[in-house]
Amino acid sequence: MTDIVIKRGWDIGQSTRIATLYDEAFGFKFSGAIANKEARVRILSKSFIPDFSYVAFVDHEIVGLAGFQTHYGSLTGGMSLSVLIVELGVARGIWAATVLSLFERKPKAQELIMDGIVVDSKFRGKGIGSMLLDSIVSHAGKNGYDSVSTLAI
């Protein structure tokens, strides 16, 4: 295996790959709000904000993702009621927003919350998840966050 490269964010053209990878790990969490997998991936790909993540690459292929949120924003911060209504229609959009609101947690001013870590199943066991976590913790320290916590899923 070649080198694993961790970097903050990704090119917007890679959003579908990111959304697919995220859905493989957390689709169950979102399925109560958005049952259709294709719709979930489409909405996630349009809603993710790359700057609130670290991504693992192997041979220029995205193989892992660690998302986070701060009081400035979050990986999933683009998933608004208006996006859900446009993508799902009024009734399903409002339903999805209501269900997803149950998972919301607002970070304190100096808190960074992990939105989840996912590693492609073909690349697990190679330390990629740990590298992503280390990147998040390092980011928190360099940016003056007092704590790093996780969202309960």
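We use all heavy atoms of the structure for the numbers below, so side chains are in, but hydrogens, waters and symmetry mates are not. Numbers for residues simply follow the sequence, beginning at 1.
Of all heavy-atom pairs between Gly129 and Ile117, the closest is O-CD1, 3.9 Å. Gln69 and Pro107 make their closest contact through OE1-CD, 3.4 Å (heavy atoms, listed as atom of the first residue, atom of the second, distance). What you find for Leu132 and Ala66 is that their closest heavy atoms are CB-CB, 3.8 Å. For Trp10 against Ser53, the heavy-atom pair with the smallest separation is CZ3-OG, 2.9 Å.
With sequence neighbours excluded, the residues forming a ring pair (Phe, Tyr, Trp, His ring centres under 6.0 Å) with Phe52 are Phe68, listed by chain and number. Take Thr76 and apply the side chain to side chain contact (heavy atoms under 4.5 Å, CB included) test, not counting sequence neighbours, and it matches Tyr22, Phe48, Ser74, Asp115. Legend: residues meeting side chain to side chain contact (heavy atoms under 4.5 Å, CB included) with Ala39, ordered by chain and number and at least two apart, are Ile34, Asn36, Arg42, Leu88.
The backbone N or O of Asp134 sits nowhere less than 3.5 Å from a side-chain atom of Ser138 that would complete a donor-acceptor pair. Checking side-chain atoms of Glu24 against main-chain N and O of Asp120 turns up no donor-acceptor pair under 3.5 Å. Of the possible donor and acceptor atoms, none in the side chain of Asn143 sits under 3.5 Å from a partner among the backbone N and O of Tyr145.
More than 12 heavy atoms of other residues, nucleotides or ligands shown are found within 6.0 angstrom of NZ on Lys7. For Arg17, the CZ atom is densely surrounded, since the number of other residues' heavy atoms within 6.0 Å is greater than 12.
Side-chain contact between Leu44 and Met79: present, with at least one pair of heavy atoms (C-beta onward) separated by less than 4.5 Å. Taking the side chain as every heavy atom from C-beta outward, Asp51 and Arg8 approach each other to under 4.5 Å. Between Ile12 and Ser15, the closest side-chain pair of non-hydrogen atoms falls below 4.5 Å.
In this structure, the separation between CG on Asp59 and CD1 on Ile4 is 10.5 Å, given to the nearest 0.5 Å.
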Q. Please walk me through it: do Val119 and Val63 pass side chain to side chain contact (heavy atoms under 4.5 Å, CB included)?
A. CA-CA 6 Å; Val119 176; Val63 299; 5.5 Å; no
Q.
One pair to check against side chain to side chain donor-acceptor pair (under 3.5 Å): Ser147 and Ser149. What are the steps and the verdict?
A. CA-CA 6 Å; Ser147 65; Ser149 58; 5.4 Å; no
